[in-house]
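One structure is given below, encoded as structure tokens.
Both backbone and side-chain heavy atoms feed into the values below; hydrogens, waters and symmetry mates do not. Being a predicted model, the structure only gives us computed values, none of them experimental.
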Amino acid sequence: MEDIDALIQQLQAIAQSGKHYGKDIFDRERYEQLERVAKKLTSQLVDNADWKNLSLFFDADVGYVTPKVDVRAATFKDDKILLVKEKRGEVWSIPGGWADPGFPPAEIAVKETFEEAGIQVKPKRLIAVKDMQKNNYPKKNFAYIYKLLFECAPDGDELHGGVETSDAEYFTLDEALKLNLSLGRILPDDLKLAFECHHANNWETYFDKANAPYSPE
């Protein structure tokens, strides 16, 4: 049986794209009807799916629906990785956040690290591009998300928390794996992958492999 969340995401994308590209008012009405049915179906099948959150999910995008992009910056110093402590939940994660229009991904890594840890960093290489739905990240919302993980080098020493963070520190891999991690943002496997990249002279960017040749259904 296919994942319910994945099917809902497909319905949302079809409805949203159809509303944008529909050729006449009758097309738009049909896609709006499809969206209403998808919302009702979601409210009955998905736990904690209140109407306000459903509306935010279904109405957030205009035009052709594409995945959101989460960018993370794995910064290393003395074979330790920089983590920040989030004020909400008192959990630790690699600095990062949503990609913003007008900024290339590497710049997002720099911006988010400065905002969350107080230091400038220099991106060195792309560690991984991961489909969060095809890995073991806990689902926080209905959005389909790609995660980009960069290896970075620090350009400064003074660390401090930001608006959404209360602390920033460097940890060895063993130390990091013992922390209360923000699993919706970073997994133990991501930490291991980041250290593996950091120790490699030559690194081939990790990405999720296709399970089978593409065939339209």
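Scanning both residues, Y170 and P154, for their nearest heavy atoms gives OH-CB, 3.6 Å. The two residues A153 and T75 make their nearest non-hydrogen contact at C-CG2, 4.1 Å. Between W92 and L83 the shortest heavy-atom distance is CZ3-O, 3.6 Å. Of all the heavy atoms in G162 and K87, the pair that sits closest is O-NZ, 3.5 Å.
To the nearest 0.5 Å, atom OG of residue S93 and atom CG of residue N180 are 11.0 Å apart. From W98, atom CH2 reaches atom CG of D70 across 5.5 Å, with rounding to the nearest 0.5 Å. Distance CG/L181 to CG/L187: 8.5 Å, rounded to 0.5 Å. The distance from the SG atom of C197 to the CG atom of L126 is 8.5 Å, given to the nearest 0.5 Å. Annotation: the span from D79 atom CG to H199 atom NE2 amounts to 3.5 Å, rounded to 0.5 Å. In this structure, N135 CG and D189 CG are separated by 8.0 Å, a value rounded to the nearest 0.5 Å.
Hydrophobic clustering, with ILVMFWY side chains joined whenever heavy atoms are under 4.5 angstrom apart, groups L177 together with I127. Both Y137 and L149 sit in one connected hydrophobic cluster of ILVMFWY residues. Membership requires side-chain heavy atoms under 4.5 Å apart, directly or through other members. The cluster map of Ile, Leu, Val, Met, Phe, Trp and Tyr, joined by side-chain heavy atoms under 4.5 Å apart, puts V71 and V110 in different clusters. I94 and L159 are not part of a single hydrophobic cluster, where members link through side-chain heavy atoms under 4.5 Å apart. A single hydrophobic cluster is not seen to contain both I81 and V121; linkage of ILVMFWY side chains at heavy-atom distances under 4.5 Å, directly or through other members, places them apart.
Between the K77 side chain and the L82 main chain, no donor and acceptor come within less than 3.5 Å of each other. Using a distance-only test at 3.5 Å, with no hydrogens or angles considered, a donor-acceptor pair links the side chain of E175 to the main chain of T172.
A salt bridge is absent between E107 and K111; no separation between the charged side-chain nitrogens and carboxylate oxygens falls under 4.0 Å.
Within a 6.0 Å radius of CD in E90, other residues, nucleotides and ligands contribute more than 12 heavy atoms. A 6.0 Å sphere centred on CZ of F114 holds no more than 12 heavy atoms belonging to other residues, nucleotides or ligands.
Cation-pi check for K80 over F76 is not met; the charged atom does not lie both under 6.0 angstrom from the ring centroid and within 45 degrees of its normal.
Screening K130, R72, R185 against D190 for a side-chain hydrogen bond (donor to acceptor under 3.5 Å, both in side chains) leaves a single residue, K130.
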Under the side-chain contact (heavy atoms from CB on, under 4.5 Å) criterion, do R88 and E164 qualify, and how do the steps go? CA-CA 8 Å; R88 181 181 297 180; E164 298 179 353; over 6 Å; no
